[in-house]
Amino acid sequence: MQAKRKTMIVTGASQGIGAGVTKAFLGRGYNVVANSLDITKSAFERGERLALVDGDVGQASTAAEIADTALANLAL
């Protein structure tokens with residue numbers, strides 16, 4: 001039986017500390033849902049272990065999309 005890979009959610013992921021945290025989690029084998037206002041315009045590209053969600057995490061709809069993405073697409 002293979003263990004499930006853990007999924008992390010990182011907000012403010014397009015630059016600075018958030019980008020560094022995202023890279024660190026990916027480097028350690030985690031799935032990551034990365035969010036910022038325009039994360040799809042950042043240096044990150046969607047991949048097998050990385051999902052990108054644009055939007056303001058302070059908005060309920062964005063927060064719900066982030067959670068849904070983590071549960072639906074990355075819960076391996």
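Small disclaimer: the values here were computed from a predicted structure and weren't measured. Start at 1 with the first residue, then count along the sequence.
- Among L71, V10, V57, the one residue that satisfies the side chain to side chain contact (heavy atoms under 4.5 Å, CB included) test with I66 is V57.
- Considering CG of L52 and NZ of K41, their distance stands at 13.0 Å, rounded to 0.5 Å.
- Listed by first and then second residue, the side chain to side chain donor-acceptor pair (under 3.5 Å) pairs that reach into residues 18-28 come to none, sequence neighbours excluded.
- Smallest separation of non-hydrogen atoms from S36 and A13: CB-N, 4.1 Å.
- Sequence neighbours left out, the pairs with a member in residues 16-43 that pass ring pair (Phe, Tyr, Trp, His ring centres under 6.0 Å) are F25-Y30.
- To the nearest 0.5 Å, the span separating CE on M8 from CG on N31 amounts to 10.5 Å.
- Qualifying side chain to side chain contact (heavy atoms under 4.5 Å, CB included) partners for Q59, counting only residues two or more places apart in sequence or in other chains: D56, S61, T62.
- For the ring pair (Phe, Tyr, Trp, His ring centres under 6.0 Å) condition, no pair includes a residue of residues 37-60, sequence neighbours left out.
- Judged by distance alone, with hydrogens and angles left aside, the side-chain atoms of N35 form a donor-acceptor pair with the main-chain N or O of G55 at under 3.5 Å.
- Of all heavy-atom pairs spanning T7 and A70, the tightest one is CG2-CB, 4.1 Å.
- Scanning for side-chain hydrogen bond (donor to acceptor under 3.5 Å, both in side chains) contacts around D54 gives T40, with sequence neighbours left out.
- Here the shortest heavy-atom pairing between A51 and T69 reads CB-CG2, 3.6 Å.
- A continuous path of Ile, Leu, Val, Met, Phe, Trp and Tyr side chains, each step under 4.5 Å between heavy atoms, connects L50 with I17, placing both in one hydrophobic cluster.
- R49 places no side-chain N or O within 3.5 Å of a backbone atom of V32 that could act as its donor or acceptor partner.
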